[in-house]
Amino acid sequence: MNMPESIRLLQDTAADGDENMTRDRNLVGDLPVVRVYEWSAPWVTLGRYQDPETSLLPGCGVPWTRRPTGGKAVLHGHDLTVAVFLPAAPGELTVKRAYRLLIHPIVSALRQVGVGAALGEQTTFITRGLRTADCFRHVSPNDVVDLVTGRKLVGCALRLDSQGVLAQCSIPMGVPLVPPEQV
């Protein structure tokens with residue numbers, strides 16, 4: 001499967017975490033679609049398999065919601081979020097192939113605006129053995145990082161099922177509105 005030539009683009013309004021996740025779930029259908037949005041306030045999204053008891057600090061005052069995709073916790077509010085749905089027949093995509101299909105346009109766009117972006121596997125910045133619930137503290141071979149600093153540039157999680165692939169990608173655009181160490 002290749003990237004479709006025609007993809008519907010939704011430039012959406014800022015919303016809270018529950019509404020944003022509902023809108024992302026509603027992208028699943030028969031047509032490829034990209035939704036670009038921001039957050040109305042700080043929120044944390046947890047990957048669909050994360051436990052809030054072990055992923056959030058006790059007394060965390062930031063509201064949280066669960067993503068339909070996997071991955072680790074992401075602190076939002078200072079980021080641009082891109083959700084992509086691509087329909088695919090069962091067996092047409094593997095998780096790795098789907099991720100590569102979706103992430104390469106993001107890496108290319110970052111490079112076009114002067115950001116030295118690369119996949120973690122192309123650098124020496126892969127984090128091994130670090131136990132963390134925070135998406136942006138962990139760098140895997142598939143993560144998008146800054147070539148010079150190793151800072152993770154994009155947090156991206158997928159869900160691949162019989163209808164296709166849903167990806168949710170967070171691109172920090174500034175300083176977090178809440179210190180991550182308080183979440």
Side-chain angles (χ1 to χ4, degrees), residues 1-15 20-21 23-24 27-28 31-39 42-45 47 67-88 92-130 132-160 164-177 180:
M1 173 180 201
N2 295 317
M3 187 64 81
E5 288 184 29
S6 176
I7 299 177
R8 189 176 82 188
L9 175 64
L10 302 173
Q11 294 177 317
D12 216 342
T13 57
N20 276 329
M21 294 305 97
R23 291 177 187 178
D24 283 356
L27 296 177
V28 175
L31 300 172
V33 61
V34 173
R35 176 176 173 251
V36 180
Y37 59 96
E38 294 181 75
W39 299 74
W43 273 78
V44 173
T45 59
R67 287 190 311 274
T69 56
K72 297 180 182 288
V74 176
L75 176 59
H76 298 281
H78 64 291
D79 62 324
L80 182 68
T81 304
V82 179
V84 180
F85 175 74
L86 294 177
E92 188 174 8
L93 288 175
T94 63
V95 170
K96 184 174 183 175
R97 176 135 165 72
Y99 185 81
R100 295 303 169 93
L101 183 67
L102 296 168
I103 205 66
H104 281 298
I106 293 173
V107 170
S108 178
L110 288 169
R111 288 180 180 166
Q112 287 176 21
V113 297
V115 177
L119 290 179
E121 69 183 14
Q122 299 166 331
T123 73
T124 59
F125 299 112
I126 297 171
T127 316
R128 299 194 194 282
L130 177 65
T132 180
D134 182 349
C135 172
F136 281 91
R137 289 201 55 219
H138 178 265
V139 175
S140 76
N142 290 319
D143 285 327
V144 180
V145 299
D146 183 288
L147 275 168
V148 176
T149 67
R151 181 176 57 92
K152 191 170 184 173
L153 300 172
V154 180
C156 189
L158 297 178
R159 179 176 181 176
L160 182 62
V165 61
L166 175 66
Q168 295 172 300
C169 303
S170 169
I171 306 168
M173 302 298 285
V175 177
L177 302 175

I want to check something: taking the side chain as every heavy atom from C-beta on, are [X] and [Y] in contact at a cut-off of under 4.5 Å?
X: Arg35; Y: Val33; answer: no
X: Val154; Y: Leu110; answer: yes
X: Pro180; Y: Phe136; answer: no
X: Ser6; Y: Pro32; answer: no
X: Leu119; Y: His104; answer: yes
X: Leu10; Y: Leu27; answer: yes

Atom CZ of Arg8: over 12 foreign heavy atoms under 6.0 Å: no
Greater than 12 external heavy atoms within 6.0 Å of Arg137's CZ: no
[atom1]/[X] to [atom2]/[Y] distance, rounded to the nearest 0.5 angstrom?
X: Leu31; Y: Phe85; atom1: CG; atom2: CZ; value: 9.0 Å
X: Cys169; Y: Ile103; atom1: SG; atom2: CD1; value: 4.5 Å
X: Leu93; Y: Arg100; atom1: CG; atom2: CZ; value: 13.5 Å
X: Asn142; Y: Glu121; atom1: CG; atom2: CD; value: 6.0 Å
X: Asp12; Y: Asn20; atom1: CG; atom2: CG; value: 7.5 Å
X: Arg67; Y: Ser170; atom1: CZ; atom2: OG; value: 9.0 Å

Step-by-step side chain to side chain contact (heavy atoms under 4.5 Å, CB included) determination, His76 to Val44: CA-CA 6 Å; His76 298 281; Val44 173; over 6 Å; no
If every non-hydrogen atom of [X] is compared with every non-hydrogen atom of [Y], which pair is closest and at what distance?
X: Arg159; Y: Pro68; result: CD-O, 3.1 Å
X: Asp24; Y: Leu166; result: O-CD1, 3.9 Å
X: Cys156; Y: Ala167; result: SG-CB, 4.4 Å
X: Lys152; Y: His138; result: NZ-O, 3.0 Å
X: Tyr37; Y: Thr13; result: CB-O, 4.3 Å
X: Ile126; Y: Gly120; result: CG1-O, 3.6 Å

For Val139, the option from Val145, Val144, Thr123 that meets side chain to side chain contact (heavy atoms under 4.5 Å, CB included): Val145
Under 3.5 Å donor-acceptor, Arg151 side chain and Asp146 backbone: no
Short side-chain donor-acceptor distance under 3.5 Å, Asp79 and Thr81: yes
